[in-house]
Amino acid sequence: MRYLLAVCALAATVLVSAATTAVGHRGGTEFEANLKALPHNHPAAGLDGRGEAEIERLGQLLRVELEAQGLSPNLAHLIHIHGDLVARNECPTLAEDTNHDGLISFAEGVPKYGPVQVSFTKFVDTSATSAGDLARFPVASPRGKLRYERDFRIPADIARRLGHLHIVVHGVDLNGNGMYDDAVEITQPALCGRIVRDD
């Protein structure tokens, strides 16, 4: 009887260990991103935040943990992995402010950080299809802090290029009225950081 119980306990341990490995808790490749505010020459609040992200990749499975602060409070924020899969990607500088309004808009930043590849949604689809569905993204606290955690799968080609891509957090209440007035504010890049392998 004792032998049977010992075997059962060992089997349970093995199963738990295997399940843990399967969802990326062990044995994956570690990445991180230091998220910094995009440079600007604009008086709006919510443009001087910061954050960090930790990503574990196991094949096509990602485990993402992201924390940010200094964001527009009580508002949802679009968060994406951006990047061109066959070209170099960078966080934009004020040189990309082509209309000279003191801000780097979504469109002005795309030539540098590339198109949306992955969406950090709270539920359902995490592809670029969900890129603009604000209701699916996390909401910052009244103090402008945001935390995101989720495990999900991504396409193999994106997984292979992960260390060449960037995370961009969007959404800035430019006039401080407690809401987004238009798509410009919803998509306004707030933070950007390159995903690098944590060796």
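Note: hydrogens, waters and symmetry copies are ignored here, and every other heavy atom, side chains too, is used. By convention here, the first residue in the shown sequence is residue 1.
Closest approach of Gly102 to Asp97, counting heavy atoms only: N-OD2, 2.9 Å. Pairing each heavy atom of Pro189 with each of Val168, the nearest pair is CB-CG1, 4.0 Å. Here the closest non-hydrogen pair linking Pro73 and Gly144 is CB-N, 3.9 Å. In terms of heavy-atom proximity, Ala190 sits nearest to Leu71 at CB-CD2, 4.2 Å. Nearest heavy atom pair, residue Asn89 against residue His166, reads O-CE1, 3.0 Å. A pairwise comparison of heavy atoms in Asp125 and Arg136 identifies CB-NH1, 3.8 Å as the closest pair.
Within the 4.5 Å cutoff, side-chain heavy atoms of Ile79 are placed close to those of Leu146. Leu38 is listed as a side-chain neighbour of Pro92, based on a closest heavy-atom distance under 4.5 Å. For the pair Leu162 and Leu62, the minimum side-chain heavy-atom distance is below 4.5 Å. No side-chain heavy atom of Glu32 sits less than 4.5 Å from a side-chain heavy atom of Ile55. Residues Thr29 and Glu56 form no side-chain contact, since every pair of their non-hydrogen atoms from C-beta on lies 4.5 Å or further apart. Taking 4.5 Å as the limit, some side-chain heavy atom of His170 sits within range of a side-chain heavy atom of Phe106. Looking at heavy atoms from C-beta onward, Arg194 lies out of side-chain contact with Ile167 at the 4.5 angstrom threshold. Put simply, the side chain of Arg150 reaches to within 4.5 Å of the side chain of Thr126, judged on heavy atoms.
In this structure a side-chain-to-backbone donor-acceptor pair under 3.5 Å is missing from Ser72 to Leu75. Between the side chain of Gln117 and the backbone N or O of Pro155 there is no donor-acceptor pair closer than 3.5 Å. The main-chain N or O of Glu185 is never found under 3.5 Å from a side-chain atom of Asp181 such that the two would form a donor-acceptor pair. With hydrogens and angles ignored, the 3.5 Å screen pairs a side-chain donor or acceptor of Gln188 with a backbone N or O of Ile104. For Gln60 (side chain) and Ile154 (main-chain N/O), a donor-acceptor pair under 3.5 Å exists by modelled atom type.
Between Glu65 and Arg63, no side-chain nitrogen of the basic residue sits less than 4.0 Å from a carboxylate oxygen of the acidic one, so the salt-bridge criterion is not met. Ion pairing between a basic and an acidic side chain is recognised when a charged N comes within 4.0 Å of a carboxylate O; Arg160 and Asp157 show no such pairing.
When hydrophobic residues (I, L, V, M, F, W, Y) are linked wherever their side-chain heavy atoms come within less than 4.5 Å, Val196 remains an isolated member.
Annotation: Tyr148 is not in aromatic contact with His77 [ring centroid separation under 6.0 Å not met]. A distance of 6.0 Å or more separates the ring centres of His80 and Phe120.
A donor-acceptor pair shorter than 3.5 Å cannot be found between the side chains of Ser141 and Arg147. A side-chain donor from one of Thr129 and Ser127 sits under 3.5 Å from a side-chain acceptor of the other. When only modelled atom types and interatomic distance are considered, His40 and Asp48 share a side-chain donor-acceptor pair under 3.5 Å.
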Can you check side-chain contact (heavy atoms from CB on, under 4.5 Å) on Lys112 and Glu96, steps first, answer last? CA-CA 8 Å; Lys112 285 291 187 178; Glu96 279 65 61; 3.3 Å; yes
I would like to know whether Leu103 and Leu174 meet side-chain contact (heavy atoms from CB on, under 4.5 Å); could you show each step before the answer? CA-CA 10 Å; Leu103 297 168; Leu174 293 172; 3.9 Å; yes
Could you walk me through whether Val118 and Leu165 pass the side-chain contact (heavy atoms from CB on, under 4.5 Å) check? CA-CA 10 Å; Val118 176; Leu165 307 178; over 6 Å; no
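One hydrophobic cluster, built from ILVMFWY side chains closer than 4.5 Å, cannot hold both Ile81 and Leu78; they sit in different ones.
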